[in-house]
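In what follows, every chain begins at residue 1, and chains take the letters A, B, ... in the order their sequences are listed.
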Protein chains: 2
Amino acid sequence: MKGKATSFDIAYEAGVSQSTVSRALRHSPLVSEETRKKIQEIAKKLNYTVDKNASSLRSQTSTTLALLLFEDPTSDDSLVNPFFLSMLGSITRECGLMGYDLLVSFQELNTDWHSVFKDSNKADGLILLGYGDYTDYESKLRELVDHGTPFVRWGAATESIETTSIGCDNNHGSQQITEHLIKLGRKSFAFVGNAGDGSPEFMARYQGHCESLKKAGIDVNTELQADAGNTAEEAYDATITLLDKNIPFDAVVAASDVIALGVLNALKTRGLTVPDDVSLVGFDDIPMASYMSPSLTTCRQDSAMAGQLLVDKLVELIKGEPVSNAFIKTKLIVRESCGAKA
Amino acid sequence: MKGKATSFDIAYEAGVSQSTVSRALRHSPLVSEETRKKIQEIAKKLNYTVDKNASSLRSQTSTTLALLLFEDPTSDDSLVNPFFLSMLGSITRECGLMGYDLLVSFQELNTDWHSVFKDSNKADGLILLGYGDYTDYESKLRELVDHGTPFVRWGAATESIETTSIGCDNNHGSQQITEHLIKLGRKSFAFVGNAGDGSPEFMARYQGHCESLKKAGIDVNTELQADAGNTAEEAYDATITLLDKNIPFDAVVAASDVIALGVLNALKTRGLTVPDDVSLVGFDDIPMASYMSPSLTTCRQDSAMAGQLLVDKLVELIKGEPVSNAFIKTKLIVRESCGAKA
DNA sequence: CTGAAAGCGCTTACAG
DNA sequence: CTGAAAGCGCTTACAG
């Protein structure tokens, strides 16, 4: 036997046809128990593995998913959003369980996803993860929809386009966390994070935040909302600008944990102590949150569940089954930065 | 045109043979400039993409690399080593530049890597990232070598087996950092991290650490070395045990930043202040290091360079070129935890 | 520089 | 339950 074993080699050794080998290995009910066992033994002995390319070419299905992760190409490109990274583990695991391979690509905003991944038969479907400017993003989504490419995405469900989205209830999560601060007696709130159509998730968090304030009879001061993308640097700058306005506040709601990191540094720089002078809360519960000092009160999104749902829903879509959007639960995680223990 | 366009569709429109289309699209010098241009235009018009499976099957090469990331399946499986995650960005980017796709799989220690990825023609080569017990790992490496599967790995070059490894000079990096502490006047050192054959990288760091101590005429007290795998939890427990020995020390060298995180929490729990009571240093410079409180003095490994080298070397191996091991540079990053500013 | 033809290793109707 | 045969969409000798 030179080179890799093929199904013909197995057929020869087993004294059956190549078709039967193929059937046996795919657990076709058409093959007798006895024949199957013999074939499986020989396959094992020869270290045989089905050729992925031949199988995919013939059956026109790759049993591969592509994960596209993209963010605004800011500053340090090695700093991928930690929240997405924690989803990566559960996505790969669920792919394994479902029998799919996972192709990963970062920052591919500029290519034609459909033709690169679907037309070339590299992947049967796409998982999209990305913060970043939603405006650019939406036109790409529309292309995918127009081509009929199966895909799921992490993010807020939007009315403007028919997609399968997995996300958390950002509005509700933000209310949980704002209400917690209100209970602790905080009176004037700043919000750091983009609040515009370009960032639907942050926008939803801002809206939830405002709703909670209104319910509690607290005025929303739009002067205390500062735009920032999802980086510590932008958040730092935004917070400094905010502080320079000299409008007093005793709590900052950050649109994400990464933003909270920048806010915290800015506050420290200006000699403000968290939580004594200012309470601070984030969103996501990235691994770093519990190690910050003070540790960060935040809203946890179940990233393991998120990854699993993304894969499962995509596989259903690929199989042509009807698929609905799904929300994952949010959970308030109380740590030191909110001042709960003060 | 129903369904996807094929090279035959293009050939028909261009009035040439399918062979010529294939050559033109692969930039064969055999095709005239004029013909190539015409073909490229039509291909673009039809949104044509070469079918990956057909191309790979025919040419017996997948232009895909597989990244296998594995760690001891400890506690929370979503907490992948942050250092590897920061390499992931540069690996995907370099793959893109080199024209390779990237298949990602976690925790696949139990399967036969060779047949799953190479025999099945899913990938032309393997990139291996993993801390964890080296003993299990080594037998897997030997299988790959025996099969002639191209692969590169992150880690210390070892004499026991002939592999292409990319790593940093752990011994040297550890010396840089220990010498820094010595210069600051620290006298008695603890080391937290496995120092055994199962963890060659941590072992090298421990050895470098000890060499620096000896050079400075400081006795190495093996009672102050505490084993811990690469998790904050293990490090926390190890540190508590260490403190319970009641042997005084004024500096802790952690085998990694993640370990330093656990050490710091344990010290805080016991009422010790870093760096006033005890200096603390880590290794890796994970993103979290600069946000810890106090921020962590550590030894940076250039993860971007590491990812790039892993991909480049693997591609050379696949092409059958001779490939040597490579070291990436380490750099001492001084922050607050060592007490440099005290 | 171009074309006709073989064949990569499977899966799956079709026929028995 | 099994086999003979076609064909997925390319790449690449071979011949001109």
Side-chain angles (χ1 to χ4, degrees), chain A residues 1-40 42-43 46-64 99 101 115 118-122 124, chain B residues 1-40 42-43 46-64 99 101 115 118-122 124:
Chain A
M1 189 90 45
K2 62 275 167 202
K4 273 191 291 280
T6 71
S7 52
F8 283 94
D9 298 321
I10 297 176
Y12 178 82
E13 274 223 30
V16 296
S17 74
Q18 181 270 337
S19 327
T20 300
V21 171
S22 178
R23 289 193 192 97
L25 264 18
R26 319 192 79 241
H27 298 94
S28 159
L30 292 175
V31 178
S32 77
E33 183 70 13
E34 190 192 4
T35 312
R36 187 202 330 284
K37 272 192 183 157
K38 184 166 57 175
I39 289 174
Q40 283 171 334
I42 297 174
L46 299 183
N47 272 315
Y48 173 77
T49 318
V50 175
D51 185 286
K52 175 81 179 298
N53 300 125
S55 151
S56 296
L57 172 60
R58 181 53 236 250
S59 62
Q60 292 294 327
T61 155
S62 65
T63 49
T64 299
D101 288 320
S115 70
K118 189 63 173 70
D119 264 354
S120 67
N121 279 327
K122 286 180 185 175
D124 298 336
Chain B
M1 188 90 44
K2 62 277 169 199
K4 272 192 293 283
T6 71
S7 52
F8 283 95
D9 298 322
I10 297 176
Y12 178 81
E13 274 224 28
V16 297
S17 74
Q18 181 268 337
S19 327
T20 300
V21 171
S22 177
R23 289 194 191 97
L25 263 19
R26 319 192 80 241
H27 297 93
S28 160
L30 291 174
V31 178
S32 77
E33 183 70 16
E34 191 192 4
T35 313
R36 187 202 330 285
K37 273 193 181 156
K38 185 167 58 177
I39 289 172
Q40 284 172 333
I42 297 173
L46 299 183
N47 273 315
Y48 173 76
T49 317
V50 174
D51 184 286
K52 175 79 179 298
N53 299 126
S55 152
S56 296
L57 172 60
R58 179 54 235 247
S59 61
Q60 291 294 327
T61 155
S62 65
T63 50
T64 299
D101 288 320
S115 70
K118 188 64 174 69
D119 265 354
S120 67
N121 279 327
K122 285 181 184 174
D124 298 334

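Backbone-only engagement by Ser55(B) is indicated by non-hydrogen atom pairs under 4.0 Å involving sugar-phosphate atoms exclusively. Looking at heavy-atom distances under 4.0 Å, Ser19(B) makes contact with a base.
For the OP1/OP2 pair of dG9(D) and a distance below 4.0 Å, the side-chain nitrogens and oxygens of Tyr48(B) include no atom meeting the criterion. For dG9(D), the OP1/OP2 oxygens have no side-chain nitrogen or oxygen of Thr6(B) closer than 4.0 Å.
The distance between atom OH of Tyr12(A) and atom C1' of dA4(D), rounded to the nearest whole Å, is 19 Å. In this entry the distance linking CG of Leu57(B) with C1' of dG9(D) reads 9 Å, nearest Å. Atom CZ in Phe8(A) sits roughly 12 Å away from atom P in dA5(D) (whole-Å rounding). The separation between Lys52(A) atom NZ and dC10(D) atom C1' is 17 Å, rounded to whole Å. As rounded to whole Å, 8 Å separates atom P of dC8(C) from atom CZ of Arg58(B). In this structure, Lys122(A) atom NZ and dC10(D) atom C1' are separated by 15 Å, rounded to whole Å. Summarising the geometry, the separation between CG on Asp9(B) and P on dG9(D) is reported as 9 Å, rounded to the nearest angstrom. With rounding to whole Å, Gln60(B) atom CD is found 17 Å from dC10(D) atom P.
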Based on Watson-Crick and G-U pairs with both distances under 3.5 Å, what dot-bracket line describes DNA chain D 5' to 3', crossing pairs as [ ] and inter-strand pairs as |? |||.||||||||.|||
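Counting all heavy atoms, side chain and backbone alike, Asp124(B) lies closest to Lys118(B) at O-CE, 3.4 Å. When all heavy atoms of Thr35(B) and Val16(B) are compared, the closest pair comes out as CG2-CG1, 4.1 Å. The heavy-atom pair separating Thr6(B) from Tyr48(B) by the smallest distance is C-CE1, 3.6 Å. Between Asp119(A) and Lys4(B), the closest heavy-atom pair is O-CD, 3.0 Å. Closest of all the heavy-atom pairs between Leu46(A) and Ile10(A) is CD1-CG1, 4.0 Å.
Without hydrogens or angle criteria, Ser56(A) side chain to Lys52(A) main chain gives a donor-acceptor distance under 3.5 Å. Within the 3.5 Å criterion, the main-chain N or O of Ser62(A) finds a donor-acceptor partner in the side chain of Thr64(A).
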If you look only at distance, which donor and acceptor atoms sit under 3.5 Å apart when one is on a side chain in residues 20-28 of chain A and the other is two or more places apart or in another chain?
unit_1: Thr20(A); atom_1: OG1; unit_2: Ser17(A); atom_2: OG; d: 3.1
unit_1: His27(A); atom_1: NE2; unit_2: Gln40(A); atom_2: NE2; d: 3.4
unit_1: Ser28(A); atom_1: OG; unit_2: Leu30(A); atom_2: N; d: 3.0

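Within a heavy-atom distance below 4.0 Å of DNA chain D, the residues of residues 21-36 of chain B found are Ser22(B), Arg23(B), Arg26(B).
Here Arg36(A) contributes atom CZ and Glu34(A) contributes atom CD; the two are 11.5 Å apart, rounded to the nearest 0.5 Å.
If Thr20(B) and Ser59(B) are placed on DNA chain C by their nearest nucleotide, the residue sitting closer to the 5' end is Thr20(B). Between Ala54(B) and Val16(B), the residue anchored closer to the 5' end of DNA chain C is Val16(B), taking for each the nucleotide with the nearest heavy atom.
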Check step by step if side-chain hydrogen bond (donor to acceptor under 3.5 Å, both in side chains) holds for Asn121(A) and Asp51(B). CA-CA 6 Å; Asn121(A) 279 327; Asp51(B) 184 286; 2.5 Å; yes
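Here, dT12(D) and dG16(D) have their C1' atoms 16 Å apart, quoted to the whole Å. The separation of dG9(D) from dA13(D), taken at their P atoms, amounts to 23 Å, rounded to a whole angstrom.
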